Amino acid sequence: MQKRFGLNSIRYKLSLGILLTTVTALLVSGSVIVLYELRDYRAHMLEDIQVQSNLIGQASAAALQFEDAEVAAETLTLLQLSPKVLAAAIRKPDGTLFAHYQQAAHAELGTLQHPNIPLLLSPGAEPEIVIDNDLLRLSAPILFGQEYLGSIMLITKYGMQEHLARVLGIVATVTLLALIVSMLLSYWIQSRITRPVMLITELANWVVLKRDYSLRAEAPASNDEIGYLVQAFNTMLNEIELRTAALEVSNRQLESEAHERADAEQALRSSELRHRTLVMTLTSVVWQADARGNFVTDQPGWSAYTGQSAAQYLGKGWIQAIHPDDRGGVQSLWLKACEDLSPFATQLRLWHDLDAGFRHINLNAVALKDTAGVLQQWIGVIEDIHEQIQSTQEIRRLNSELEQRVEERTADLESANKELEAFSYSVSHDLRAPLRSIDGFSQALLEDYQSVLDATGQNYLARVRAAAQRMGILIDDLLKLSHVSRMDIARDMQDLSSIAAEVIQGLRESEPERRVKVQIEPGLQAYGDARLLRVVLENLLNNAWKYTGKCTKPLIEFGTQQINGSACFYVKDNGAGFDMTYASRLFSAFQRLHDSRDFSGSGIGLATVNRIISRHGGRIWAQAEPDKGAVFYFTLQNTQAATQGERHEAQTHPAGRR
């Protein structure tokens, strides 16, 4: 059979189809892999050289400022750790070579004075990347803040051709192995598909020759299209056998059909009787009426629900069971439904004999017509919805009470806020005056009676003044916290990076003698109130600035990080840190983890930050270790959900410090 069909056989077509499919898939996937690898390799090389240039540039900024070429040269020698970097050079703002580095094996690069290499970049120029003869060159300016200090150039080996050769070798090896596996799989599939087909063909020829319809094909073990074909073939043989036998016993079959028809008619009559019995005895909510809407037969369900007797509800007496206020509307709707032969549906109050009162129900009815379209009768159903109506009314009543309570509590809250504001102003004025007097008279005693007082007396007065001043600062912080809780929020898109830069600039101006490294991620934006978000960054960055005061190399960072699939802002420092065991206290007012003699503060700042973040629908938490710094994370609600966030306080993570 295989020789007869040749290239037209199923086996050959299956092999060719699998081979073409495999080759096509391998070519497409191999091409995609090669293109992706080349693109990824290029992106990786560009990212690597940019990172190295940024690191070397930042590390050489101080050397350029102090014109220390030796330090810059030592910095460049660190590139020995990166074998791909062939040469590097740092130039002054006037373009002169300040320091350079090159591998000994690539002396052909000379002193990096290639004519195509720019000697000077403008202060605002973007990094320039050039690929030439398997070399990757990057030139970038070196900036310190906004000050242009010079430029840096790196030359690395690109290696694209070598990488392409490796990728092509891997793809070719995988393709060869896949083709081998595909051919083995193709051979196995051919044997599973073609063999049952050949057996069915031989059996069909035998049935035609011998006219033996009792033969059956052997069903395969697999439950697939081949198995379905065998089942269909056997079904066909069985049907042919049955029809052949039917031709021989046609008379007996006609008699059998007559008996079956009689049995079917009897079953239909029994089904109709059961249906009528079910309709009459099912529940108390089914009723029947004639074409004019009159009750003409017994209605056990209606009688059981309403308590009406047959004499009371026959005809249109059933209307008397409806609440007097609903009868007029029901009668008009019922007459219209009878005229239009349209479905009838309404809600009304019907007398319920068991409850001795009217209950809310849904009354539905449909018209039954004969084959000529003439109305025969109405079939109706009563659905008791009394509990639903009562529940709805109760919900409306509760909602009304709730709205009234909300209005009352809102008025109470506004009154309390006004009283709190008046109290805040009273505290501000009534407490400041005595504090100013204490501080002023203490200063006068120190200045006018310094010769009279001994060292102990002067120390006491100095401590009195310090306590009065701390009390004044504490009053200011409490007023700020109260103001944050009351002020309206005006939301808009804010540039947090710019705000953070302004806060850091103010800190540098207040303590110009400190040298603190600050890293601010550019382009950070959030949706919120500009004044309140500035207070958040001022408190967090002031904390980081304060707690790095005893570090030899202080570092402060502000950026974003993905945590559990959500973007979070963070402020990080390498300062004093704190013990996380006591972190749950720190977002409350007056809570501190450090002695005021070591680090000043009122203990109000982080409580204010927590209140602002909560009003923006976010949360704030911290992670820290003693003497290893701290990280404060916070989130802000997005634009779409911002208006809803004002109605509730977001949950805050129990960690923080001030």
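Note that the numbering runs from 1 along the sequence shown for the chain. Because the structure is a prediction, the values reported are computed rather than measured.
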Legend entry - Asp40 side-chain N/O to Tyr36 backbone N/O, donor-acceptor pair under 3.5 Å: no
Legend entry - Approximate separation, where rounding is to 0.5 Å, of Leu496 CG and Arg534 CZ: 10.5 Å
Inset, instruction - Decide yes or no for Val535 and Val609: does some side-chain heavy atom of the first lie under 4.5 Å from some side-chain heavy atom of the second? - result: no
Legend entry - Student check: side-chain heavy atoms of Leu46 and Leu136 closer than 4.5 Å: yes
Inset, instruction - Take the angle between the ring planes of Trp621 and Tyr633 and call it parallel below 30°, perpendicular above 60°, tilted in between. - result: parallel
Legend entry - Minimum side-chain heavy-atom gap Ile33-Ile170 below 4.5 Å: no
Legend entry - Crowding at CD, Gln562 (>12 non-hydrogen neighbours, <6.0 Å): yes
Inset, instruction - Can you measure from OG (Ser510) to CG (Asn542) and round to the nearest 0.5 angstrom? - result: 8.0 Å
Inset, instruction - Provide the closest heavy-atom pair for Phe569 versus Gln525 in the form atom of the first, atom of the second, distance. - result: CZ-O, 3.6 Å
Inset, instruction - Starting at CD of Glu511, measure out to NZ of Lys546 and round the result to the nearest 0.5 Å. - result: 11.5 Å
Legend entry - Side-chain heavy atoms of Phe98 within contact of Arg91, under 4.5 Å: no
Legend entry - Verdict with reasoning, Val130 to Glu128, per side chain to side chain contact (heavy atoms under 4.5 Å, CB included): CA-CA 7 Å; Val130 178; Glu128 179 183 2; 3.8 Å; yes
Legend entry - Of Leu97, Ile142, Thr75, the residue whose pairing with Ile90 passes side chain to side chain contact (heavy atoms under 4.5 Å, CB included): Ile142
Inset, instruction - Output yes when a side-chain donor or acceptor of Arg508 lies under 3.5 Å from a complementary backbone atom of Val516, and no otherwise. - result: yes
Legend entry - Min side-chain heavy-atom separation Leu154-Leu79 under 4.5 Å: yes
Legend entry - Side-chain donor or acceptor of Ser497 paired with backbone N/O of Leu524 under 3.5 Å: yes
Legend entry - Under 3.5 Å: donor-acceptor pair, side chain of His100, backbone of Leu76: no
Inset, instruction - Carefully, step by step, assess Ile499 and Asp495 under the rule side chain to side chain contact (heavy atoms under 4.5 Å, CB included). - result: CA-CA 7 Å; Ile499 297 175; Asp495 188 347; 5.8 Å; no
Inset, instruction - Hey, could you give me the CD/CD distance between Gln65 and Glu67, rounded to the nearest 0.5 Å? - result: 10.5 Å
Inset, instruction - Could you tell me whether a side-chain N or O of Thr635 sits under 3.5 Å from a main-chain N or O of Gly618, the two making a donor and an acceptor? - result: no
Inset, instruction - State, yes or no, whether a side-chain contact exists between Val167 and Leu38 at a heavy-atom distance under 4.5 Å. - result: no
Inset, instruction - Show your working on side chain to side chain contact (heavy atoms under 4.5 Å, CB included) between Asp529 and Arg615 and close with a plain yes or no. - result: CA-CA 10 Å; Asp529 187 281; Arg615 294 197 65 192; over 6 Å; no
Inset, instruction - Would you check if Gln58 and Gln519 make a side-chain contact, meaning some heavy-atom pair closer than 4.5 Å? - result: no
Legend entry - Main-chain N/O of Gly57 paired with Ser60 side-chain donor or acceptor, under 3.5 Å: no
Legend entry - Backbone of Trp545 reached by a side-chain donor or acceptor of Arg514 within 3.5 Å: yes
Inset, instruction - Mind checking the CG-CD1 spacing from Leu78 to Ile56? Nearest 0.5 Å is all I need. - result: 6.0 Å
Inset, instruction - Verify, without hydrogens or angle tests, whether Glu557 (side chain) and Lys572 (backbone) share a donor-acceptor contact under 3.5 angstrom. - result: no
Legend entry - Pair Asn54-Gln50, side-chain donor/acceptor within less than 3.5 Å: no
Legend entry - Side-chain (Asn574) to main-chain (Lys553) donor-acceptor, under 3.5 angstrom: yes
Inset, instruction - Assign the ring pair Phe632 / Phe578 to parallel, tilted or perpendicular, where the plane angle (0 to 90°) is split at 30° and 60°. - result: tilted
Legend entry - Spacing of CD1 belonging to Ile49 relative to OG1 belonging to Thr156, to within rounding of 0.5 Å: 4.0 Å
Legend entry - pair Leu179-Val23: side-chain heavy atoms closer than 4.5 Å: yes
Inset, instruction - Identify the two heavy atoms, one from Ala73 and one from Ala99, that lie closest to each other, and give their separation to 0.1 Å. - result: N-CB, 3.9 Å
Legend entry - Electrostatic pair Asp94:Lys92 at N-O distance under 4.0 angstrom: no
Inset, instruction - Using modelled atom types only, decide if a donor and an acceptor are shared between the side chain of Glu521 and the backbone of Thr560 within a distance under 3.5 Å. - result: yes
Inset, instruction - Give the intermediate values and the outcome of side chain to side chain contact (heavy atoms under 4.5 Å, CB included) for residues Val51 and Leu55. - result: CA-CA 6 Å; Val51 170; Leu55 292 175; 4.0 Å; yes
